[in-house]
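FYI, side chains are in, hydrogens and waters are out, and symmetry mates aren't considered; it's all heavy atoms of this structure. Whatever order the structure lists them in is the order used to number ligands and atoms, beginning at 1.
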Amino acid sequence: MIELRDVYLNYGSREILKGVSLKVEDNCIKAILGPSGVGKSTIIKLMLGLIRPTHGEVFIDGIEISKMSEVDLFPIRQKMGIVFQGNALFDSMTISENLSFFLRENLKLSEPEIQQRIQDQIEFAGLEGYENALPENLSGGMKKRVAVGRALIFNPSMVLFDEPTAGLDPVSSKRILELITRLQRDNGLGAVIVTHIIDDVFAVANNVAVLYQGKIIFDDKPGNLQLSNHPFISSFMSSDEVEL
Ligand SMILES: Nc1ncnc2c1ncn2[C@@H]1O[C@H](COP(=O)(O)OP(=O)(O)OP(=O)(O)O)[C@@H](O)[C@H]1O
Ligand SMILES: [Mg+2]
């Protein structure tokens, strides 16, 4: 469903991605693992058409999006929910308002339909009783679950998670990873998870691409990471550190 084909991305004179090719199949959970600053969030932005490659192509469901106008991109973006690295919640809006804001802005649904979708996400994310709370009154894990609910409210077929567990305590991390697994198992959704935390990969991913110095140095099942003889992969597989 999502494919990057020989993508190069420069910010000014800095080359961030140097010929990245990867595929994310429908209903598959694909992790993109890499150290801080390697270009993981950049890959998510490319997949959404928020930035355009310096060279190369980005396909969503077989359609090349990198030269599309914003108007043409809109229906394509609707197929993909996004959970941003910092959640990007609106501080002055309640949880229900945060969940429904983009829905109200972009789709002409009746009020009962909107309320039903809000309720579905409140239940899915386990946020019952917090409908009228403000984000500042929620824990980090709960805020992340609101961000997940907001990504799901358009009924996407794929959800992109930028560092879904970064900064969360182990219990909250586990809960977010369980939500991601449930999305695939119960709702048949696919997901892209960019992360620098290898435990996330082993917990949920069917497939993992490792991004290092602008290139994909591994793209296979997580269980095969042990077999890689790339020095970067060997070094973090043999260390006790779980974060890159
Ligand atoms: N708009 C921009 N203009 C210039 N440089 C940028 C821009 N966005 C990101 N960068 C730089 O490009 C590199 C890759 O950024 P990116 O945010 O994709 O990395 P990342 O892997 O997501 O990092 P992190 O682990 O910190 O989230 C970083 O060095 C970053 O400072
Ligand atoms: Mg990032």
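Counted by atom type alone, S41 and Q85 present one or more donor-acceptor pairs between their side chains at under 3.5 Å. Side-chain atoms of T42 and Y11 form a donor-acceptor pair, as typed in the model, at a separation below 3.5 Å. A side-chain donor from one of K30 and N207 sits under 3.5 Å from a side-chain acceptor of the other. Side-chain atoms of S228 and Q226 include no donor-acceptor pair closer than 3.5 Å.
With respect to atom 25 (O) of ligand 1, the closest heavy atom belonging to the protein is K40 NZ, 2.9 Å. Among protein heavy atoms, atom 26 (O) of ligand 1 sits closest to S36 OG, 3.3 Å. Protein heavy atom at the shortest distance from atom 31 (O) of ligand 1 is R14 NH1, 4.1 Å. Looking from atom 23 (O) of ligand 1 to the surrounding protein, the closest heavy atom is G37 N, 2.8 Å. The nearest heavy-atom contact from the protein to atom 9 (C) of ligand 1 is Y11 CE1, 3.4 Å.
For the Mg ion (ligand 2), protein N/O/S neighbours under 2.8 Å (waters excluded) are S41 OG, Q85 OE1.
No donor-acceptor distance shorter than 3.5 angstrom exists from the side chain of N87 to the backbone of A147, with no hydrogens or angles considered. For the pair D169 (side chain) and S172 (backbone), a donor-acceptor distance under 3.5 Å is present. A donor-acceptor pair is defined here as one N or O able to donate and one able to accept, closer than 3.5 Å; no such pair exists between the side chain of R5 and the backbone of S21.
Ring-plane geometry between H55 and Y8 is classed as perpendicular, the angle between the planes exceeding 60 degrees on a 0 to 90 degree scale with a lower cut at 30.
Taking all atoms of both residues into account, the shortest heavy-atom contact from R117 to L107 is NH1-CD1, 4.3 Å.
With sequence neighbours left out, the ring pair (Phe, Tyr, Trp, His ring centres under 6.0 Å) criterion links F124 to no other residue.
Close approach of ligand 1 to Q85 (heavy-atom distance below 4.0 Å) involves ligand atoms 27 (O). Listed by number with element, the atoms of ligand 1 under 4.0 Å from a non-hydrogen atom of G39 are 14 (C), 16 (P), 18 (O), 19 (O), 20 (P), 21 (O). Residue contact check: E163 has heavy atoms under 4.0 Å from atoms 25 (O) of ligand 1.
Taking only non-hydrogen atoms, the option from G214, G86, S41 nearest to atom 22 (O) of ligand 1 is S41. When the heavy-atom distances from atom 16 (P) of ligand 1 to I16, L9, T42, L46 are ranked, the shortest goes to T42.
Salt bridge status for R182 with E178: absent, with no side-chain N to carboxylate O gap under 4.0 Å.
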